[in-house]
Amino acid sequence: MAEHLEMKKTTPQEFLLALVGGLFAPLIAIILIIVYIMGIQGSQLDVGSSEAEDRAIRERIQPFGVALAVDPNAPKVERSGEQVYNEVCASCHGAGALGSPKYKDAAAWGKRIAQGYDTLLTHALKGFNKMPARGGDPDLTDLEVARGVVYMANAAGAKFEAVLKKEPEPTPEILARGQAVYAQDCARCHDTGLTGAQKLTDTAAWDALIKQGKEYLYKAAIEGTLGGPARGGNDKLADADVKAAVDYMVDQAKKAIAATRPAQQTAAR
Ligand code: HEC
Ligand code: HEC
């Protein structure tokens, strides 16, 4: 009985102490372990992490950081005439370099403006003497080049509007004819990319080719290029057949290009 009574005599203070001890002992152990681990990591971090080295590392990875900040899928926004002029054309036309007509110099532009908008645009797109095609920037779209032309010409007294002549769309009959010619005489290279022929799915290559205009492509296909045989190597093909095949190829390439665009826009969102 006496023993029993003693057990019951545990005071509230004793109870609290036991409780606190029981709770804190593991807690203190955990804290000690954490401190120990952090100590190891801290000493590892300390090894050679001088400020200079830190900066060097940051500079080394910076190009990636910067590149990532520019969304590669962002849809391209076409620039205004003023932007195109400032970013591309001004390097020559600002001061009249290489004999280029100087910006706002009405005398230098007068005779050129008299040639008409179409001629000026063609010269700006395809190049003219020392004037490089697209002002030397192949990334400019036709519309951007047109806006650059209009921006400069209007500053010298013209009243042009930046419009693009639309190439006539081939009829379904021409496309069907072209598809047949293509299958017979062109596919063996242009489906496979043989000897560097631009595959119809190579959107980058065709984007650039389409910019050259149909007239150029017809001529290249009929007369041949460095790697491409005249008439696809089939002398019996009429000009109209070769042109139809080109129409078909451009049509297919445009579809492939269009297919990449909505995807890009979704990705940008
Ligand atoms: C590397 C220098 C250079 C750059 C950059 C340049 N041009 Fe030119 N441009 C010239 C020269 C040189 C001429 C004169 C060519 C001639 O008449 O023989 C010229 C002439 C022109 C003409 C008149 C063509 C004609 O038929 O008389 C137009 C239009 C034109 N440039 C538009 C542009 C546009 C638009 C840009 C920018 C997208 C641009 N240029 C960028 C050098 C340049
Ligand atoms: C024996 C292989 C071969 C055949 C067949 C062929 N091509 Fe090509 N083609 C090429 C190559 C290679 C190029 C790239 C040439 C270059 O880069 O200059 C090319 C380029 C082209 C181009 C772009 C021109 C340029 O500046 O690059 C067009 C348009 C074209 N071919 C049309 C046709 C048509 C139309 C046919 C069928 C009637 C055809 N090709 C058949 C090999 C071929």
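Counting convention: from 1, in listed order, for ligands and their atoms alike. Computed over heavy atoms, backbone and side chain alike; hydrogens, waters and symmetry mates excluded.
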So is Gly136 in contact with ligand 1, going by heavy-atom distances below 4.0 Å?
-> no
What is the nearest protein non-hydrogen atom to atom 18 (O) of ligand 1, stated with its residue, atom name and distance?
-> Asn129 ND2, 2.8 Å
Would one find an N or O of Arg134, backbone or side chain, under 3.5 Å from an N or O of ligand 1?
-> no
Out of Gln184, Lys219, His190, who gets a non-hydrogen atom closest to atom 19 (C) of ligand 2?
-> His190
Salt bridge present between Arg231 and Asp239 (N-O < 4.0 angstrom) | yes
Mind checking whether Asp241 contacts ligand 2 via backbone (N, CA, C, O), side chain (CB onward), both or neither, at a 4.0 Å heavy-atom cut-off?
-> neither
Ser91 neighbourhood, listing ligand 1 atoms whose heavy-atom distance to it stays under 4.0 Å = 5 (C)
Check Asp137 against ligand 1 and report side chain, backbone, both or neither, counting heavy atoms closer than 4.0 Å.
-> neither
Looking only at protein heavy atoms, what sits closest to atom 12 (C) of ligand 1 is Leu98 O, 3.3 Å
Considering only heavy atoms, does Ser100 approach ligand 1 within less than 4.0 Å through its side chain, its backbone, both, or neither?
-> both
Indicate whether the side chain of Asp247 and that of Tyr218 have a donor and an acceptor atom separated by less than 3.5 Å.
-> yes
Atoms of ligand 2 less than 4.0 Å from Ala220 heavy atoms?
-> 24 (C)
Side chain, backbone, both or neither: the part of Tyr216 lying under 4.0 Å from ligand 2 by heavy atom | side chain
Can you figure out which of Tyr85, Phe128, Tyr151 has its heavy atom closest to atom 15 (C) of ligand 1?
-> Phe128
For ligand 2, is Gly233 a contact, meaning one of its heavy atoms is under 4.0 Å away?
-> no
For ligand 1, does Glu144 get within less than 4.0 Å through its side chain, its backbone, both, or neither, judged by non-hydrogen atoms?
-> neither
For atom 3 (C) of ligand 1, the closest protein heavy atom turns out to be Cys92 SG, 2.7 Å
Under 4.0 Å from ligand 1, counting heavy atoms only, is it the side chain of Pro101, its backbone, both or neither?
-> side chain
Are Met249 and Tyr216 joined in one hydrophobic group, where the rule is that I, L, V, M, F, W and Y side chains link up if heavy atoms are under 4.5 Å apart?
-> yes
Mark yes or no for whether Gln115, through its side chain, and Arg112, through its backbone, hold a donor-acceptor pair below 3.5 Å.
-> yes
Option of least heavy-atom distance to atom 30 (C) of ligand 1 (set: Glu87, His123, His93) = His93
Can Thr119 be said to touch ligand 1, with heavy atoms closer than 4.0 Å?
-> no
Select one of side chain, backbone, both or neither to describe which atoms of Met131 lie under 4.0 Å from any atom of ligand 1, heavy atoms only.
-> both
For atom 28 (C) of ligand 1, find the nearest protein heavy atom and state the residue, atom name and distance (0.1 Å precision).
-> Trp109 CH2, 3.9 Å
Any ion pair linking Asp241 and Arg177 (charged N to carboxylate O, less than 4.0 Å)?
-> yes
Among the heavy atoms of Met249, does any lie under 4.0 Å from an atom of ligand 2?
-> yes
Which of the atoms of ligand 1 are close to Gly148, meaning less than 4.0 Å from one of its heavy atoms?
-> 35 (C)
Any atoms of ligand 1 less than 4.0 Å from a non-hydrogen atom of Pro132? List them with their elements.
-> 1 (C), 3 (C), 43 (C)
To which protein heavy atom is atom 29 (C) of ligand 2 closest, and what is the distance rounded to 0.1 Å?
-> Leu217 O, 3.9 Å
Closest protein heavy atom (residue, atom, distance) for atom 32 (C) of ligand 1 = Met152 CE, 3.5 Å
Identify the protein heavy atom lying closest to atom 17 (O) of ligand 1, giving its residue, its atom name and the separation to 0.1 Å.
-> Arg112 NH1, 2.7 Å
Ranked by distance from atom 37 (C) of ligand 2, the top protein heavy atom is Cys186 SG, 1.8 Å
